[in-house]
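Report on the structure given below.
Proteins come first, then strands; the chains are lettered A, B, ... in the order of their sequence lines, and each starts at number 1. This is a predicted model, so every value here is computed, not measured.
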Amino acid sequence: MLDPNRFRRELDETASALARRFFDLDVDAIRRLEADRRDLQTRVEALRNQRNVRSRAIGKAKAAGEDVRPRLGDISRLGEELEAAEQGLGEVRDRLDAMLLEVPNLPHPSVPAGRTEAENLEVRQWGAPPRFDFEPRDHVELGSGGMDFDTAARLSGSRFVTLFGPMARLHRALAQFMLDLHVREHGYLEVYTPYLVHPKTMQGTGQLPKFEQDLFSVAGHDLRLIPTAEVPLTNIVRERILDADELPMKFVAHTPCFRSEAGSHGRDTRGMLRQHQFDKVELVHVVRPDDSYDALEELTTHAEAVLQRLELPYRVVVLSTGDMGFAAAKTYDLEVWLPGQQRYREISSCSNCESFQARRMRARWRGPQGRGTEPVHTLNGSGLAVGRALIAVLENFQDASGRVRIPDALRPFMDGAESL
RNA sequence: GGAGAGGUGGCCGAGCGGCUGAAGGCGCUCCCCUGCUAAGGGAGUAUGGGCUUAUCCCCCAUCGAGGGUUCGAAUCCCUCCCUCUCCGCCA
């Protein structure tokens with residue numbers, strides 16, 4: 001949610017900033033609703049004031065032993081008026097809130113304008129795609145021993161996978177390795193979180209109300225399955241006022257993620273690139289507003305460190321305004337090289353949401369010189385998507401015989417095994 | 001799931017339906033006193049919104065959440081949520 005004051009004072013500027021990410025803000029509707037809100041609110045408050053004053057007078061009169069009956073007459077008409085005004089105000093507020101909740105974050109000025117991923121800009125590359133003197137296989141072929149889509153389909157349908165034996169072990173090793181790296185070397189606090197959360201929590205990070213169709217719900221309960229640990233991790237500070245010395249906070253969690261993938265029918269149907277359920281190690285920062293862009297760079301290097309330790313070639317791109325997520329002001333994607341596809345594919349997305357989520361969550365901090373609170377800034381990034389990391393390891397470390405070398409960094413988690 | 005108890009400010013804790021946004025205490029901040037320490041004295045100390053260029057003032061809202069009764073609700077009624085105790089079930 002954007003700063004409501006912006007909507008009042010700089011509505012047109014806000015609209016043009018949003019136009020950079022191709023969001024069409026209904027300026028007239030907002031202006032109208034805002035004017036109504038203002039009138040109604042002033043009216044409601046004036047009426048309440050009158051009621052309070054008179055009620056208090058009645059109380060005093062009664063205490064003084066006066067006859068209170070003549071005072072009760074005209075106050076009831078006031079009550080009806082107030083009720084009507086309150087109802088009007090409620091409706092206007094609801095409509096205004098509903099609109100505001102569907103407005104995405106403002107892009108940072110450094111974000112390249114563009115409608116699609118075609119306008120993303122490469123920031124840097126690390127490593128070089130491996131050269132093979134044979135036709136590289138993709139992960140589905142390479143995993144044919146322990147990566148079983150048929151069994152998963154029998155259990156749950158399409159877009160699920162079952163891993164067996166060393167493949168399942170490798171999956172666990174990757175998650176374990178990432179978690180340890182972030183905790184031991186990058187200063188994160190490890191967190192275990194719920195995987196089912198209230199709609200309010202989803203609203204805090206921006207998944208709701210707009211993206212209900214992307215989420216899985218639980219029948220008979222008012223709960224949703226998390227599409228990313230960003231949701232529970234970021235909402236840790238929901239409705240809290242933090243002291244200056246509590247910041248920055250850095251959380252890491254390994255969780256499954258559940259996505260309906262509505263709207264991506266036919267895309268990435270082969271293999272385990274795009275699943276309804278996948279594991280991810282997620283990084284979240286809660287920081288002082290002045291620090292958030294430094295934090296974004298830091299967070300991104302933390303995610304990159306995982307790829308570097310795994311010796312996986314990748315590149316970093318800045319997402320264009322049109323390719324960014326709803327809550328993000330600026331996003332770096334990490335794209336890992338996949339020999340099976342001969343292209344870079346997203347394996348991490350690191351975003352600064354500035355105060356967008358904090359406002360929705362009512363997460364604030366108190367500045368060091370006291371006086372007043374303001375929203376914190378929140379950031380999140382994958383460090384990394386575990387399933388995709390598994391794919392990347394299989395495809396990048398294959399040899400002509402179809403064996404897969406295990407990168408050194410993972411061997412301690414694989415009982416020292418050198419290959420798969 | 002059943003029975004009971006309870007949810008009040010950063011914390012503890014009081015609160016006959018009427019100056020109670022809320023006593024008192026602790027904590028914290030500032031000031032005074034003090035050779036130092038300890039103790040003591042005084043003042044201040046919620047959040048959101050409206051008004052305002054801004055501050056102060058003033059106004060509105062908030063005592064788990066949402067409804068209701070009433071001129072008036074932290075106080076009465078209803079529903080829901082959460083916590084605790086006991087029972088049941090269970091990894």
Side-chain angles (χ1 to χ4, degrees), chain A residues 1-11 13 30-31 33-97 99-101 192-204 208 218 220-224 232 235-247 249 256 355-376:
Chain A
M1 183 142 61
L2 301 178
D3 183 353
N5 285 318
R6 278 194 73 114
F7 279 99
R8 278 163 225 165
R9 299 203 226 291
E10 303 160 36
L11 185 55
E13 293 86 332
I30 289 183
R31 224 189 283 282
L33 282 170
E34 183 54 29
D36 286 353
R37 196 221 90 231
R38 210 183 162 96
D39 289 350
L40 283 164
Q41 181 161 342
T42 314
R43 199 171 143 66
V44 163
E45 290 189 0
L47 287 168
R48 279 186 188 152
N49 178 237
Q50 278 190 50
R51 184 201 59 194
N52 290 347
V53 168
R54 294 194 201 180
S55 291
R56 228 170 287 149
I58 289 175
K60 274 193 177 168
K62 215 172 182 178
E66 292 174 27
D67 181 14
V68 147
R69 302 183 63 133
R71 291 171 183 272
L72 296 179
D74 53 7
I75 209 168
S76 68
R77 192 171 54 249
L78 200 152
E80 287 166 26
E81 244 181 292
L82 177 60
E83 202 173 332
E86 275 176 336
Q87 202 191 329
L89 178 61
E91 283 168 15
V92 168
R93 273 217 173 117
D94 288 349
R95 268 196 286 167
L96 205 50
D97 287 349
M99 283 188 80
L100 263 36
L101 281 172
Y192 172 81
T193 77
Y195 305 151
L196 294 165
V197 300
H198 288 134
K200 277 273 176 221
T201 307
M202 290 288 185
Q203 184 176 301
L208 290 179
V218 182
H221 296 270
D222 199 18
L223 293 167
R224 307 286 182 277
N235 275 283
I236 287 172
V237 295
R238 146 191 214 81
E239 283 165 44
R240 290 237 292 142
I241 298 175
L242 304 162
D243 287 327
D245 60 13
E246 291 181 84
L247 301 174
M249 292 174 156
S355 61
F356 186 85
Q357 296 178 322
R359 265 181 230 287
R360 289 174 162 247
M361 297 188 298
R362 297 201 10 254
R364 292 149 291 169
W365 76 299
R366 216 186 295 277
Q369 60 272 55
R371 255 215 354 212
T373 62
E374 66 171 334
V376 295

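Pairing partner, B:rA91: none, since no Watson-Crick or wobble contact has both distances short of 3.5 Å. Nucleotide B:rU47 is matched to B:rA61 when pairs are restricted to Watson-Crick or G-U wobble geometry with both distances under 3.5 angstrom. Remark: B:rU55 base-pairs with no nucleotide; criterion is Watson-Crick or G-U wobble with both hydrogen-bond distances under 3.5 Å. Nucleotide B:rC19 has no partner under the Watson-Crick or G-U criteria, as no pair reaches both atom distances under 3.5 Å. Under the Watson-Crick or G-U wobble criterion, with both distances below 3.5 Å, B:rC26 is paired with B:rG10. The partner of B:rC76 is B:rG68, judged by Watson-Crick or G-U wobble contacts that both fall below 3.5 Å. The partner of B:rA5, taking Watson-Crick or G-U wobble pairs whose two distances both stay under 3.5 Å, is B:rU83.
The side chain of A:R364 has B:rG48 as its nearest neighbour among B:rC59, B:rG48, B:rC71. Comparing B:rU52, B:rG48, B:rC60 against the side chain of A:R48 picks out B:rC60 as the nearest. Here the side chain of A:I58 is nearest to one of B:rG49, B:rU47, B:rG18, namely B:rG18. Listed candidates were B:rG50, B:rU47, B:rC71. Nearest to the side chain of A:I241 is B:rU47. Minimum atom distance to the side chain of A:R38 is reached by B:rC51, of the listed B:rU47, B:rC51, B:rC59.
Between A:N52 and A:P4, the residue anchored closer to the 5' end of RNA chain B is A:P4, taking for each the nucleotide with the nearest heavy atom. Both A:K60 and A:R37 lie close to RNA chain B; mapped to their nearest nucleotides by heavy-atom distance, the more 5′-ward contact belongs to A:K60.
Distance A:D39 CG to B:rG50 C1': 13 Å, rounded to the nearest Å. To the nearest angstrom, P of B:rC81 lies 12 Å from CG of A:L223. Put simply, NZ on A:K62 is 14 Å from P on B:rU70, counting in whole angstrom units. Counting to the nearest Å, the C1' atom of B:rG66 and the NZ atom of A:K200 are 12 Å from each other. Between the CZ atom of A:R51 and the C1' atom of B:rA61 there is a distance of 11 Å, rounded to whole Å. Per the geometry, CG belonging to A:L82 stands 17 Å off P belonging to B:rC59, to the nearest Å. The interatomic distance linking A:L47 (CG) with B:rG72 (P) rounds to 13 Å, in whole Å.
From A:L196, atom CG reaches atom CZ of A:R224 across 10.5 Å, with rounding to the nearest 0.5 Å. A:E34 contributes atom CD, which lies 10.0 Å from atom CG of A:D39 (distance to the nearest 0.5 angstrom).
The phosphate of B:rC59 (OP1 or OP2) has no side-chain N or O of A:N49 nearer than 4.0 angstrom. For B:rC19, the OP1/OP2 oxygens have no side-chain nitrogen or oxygen of A:S55 closer than 4.0 Å. Between A:R93 and B:rG48, a side-chain N or O to OP1/OP2 separation shorter than 4.0 Å is absent.
For the C1' atoms, the distance from B:rA65 to B:rA74 is 14 Å, rounded to whole Å. As rounded to the nearest Å, B:rG17 and B:rU69 have C1' atoms that lie 11 Å from one another. A distance of about 31 Å separates the C1' atoms of B:rG66 and B:rG88, rounded to the whole Å. Spacing between B:rG41 and B:rC80 at atom C1', rounded to whole Å, works out to 50 Å. For the C1' atom pair drawn from B:rA3 and B:rU62, the interatomic distance equals 33 Å after rounding to whole Å. B:rA73 sits 11 Å from B:rG21 when the P atoms are compared, rounded to a whole Å. Look at the P atom in both B:rG4 and B:rC59: the space between them is 45 Å, to the nearest Å. For B:rG72 and B:rA61, the C1' atoms lie 16 Å apart once the distance is rounded to whole Å.
Among the atoms of the strands shown, none is found under 4.0 Å from any heavy atom of A:L78.
Side chains of A:Q41 and A:E45: a donor on one and an acceptor on the other come within 3.5 Å. Remark: the A:R51 side chain and the A:S55 side chain contain no N/O donor-acceptor pair separated by less than 3.5 Å.
Residues A:L242 and A:R366 form no side-chain contact, since every pair of their non-hydrogen atoms from C-beta on lies 4.5 Å or further apart. When side chains are defined from C-beta on, A:L101 does not count as touching A:L208, because their heavy atoms never get closer than 4.5 Å.
At a cut-off of 3.5 angstrom, counting only N and O atoms as typed in the model, there is no donor on one side facing an acceptor on the other between the side-chain of A:Q41 and the base of B:rG49.
Here the rule is side chain to side chain contact (heavy atoms under 4.5 Å, CB included) with A:R238, and of A:R362, A:Q357, A:K200 only A:K200 fits it.
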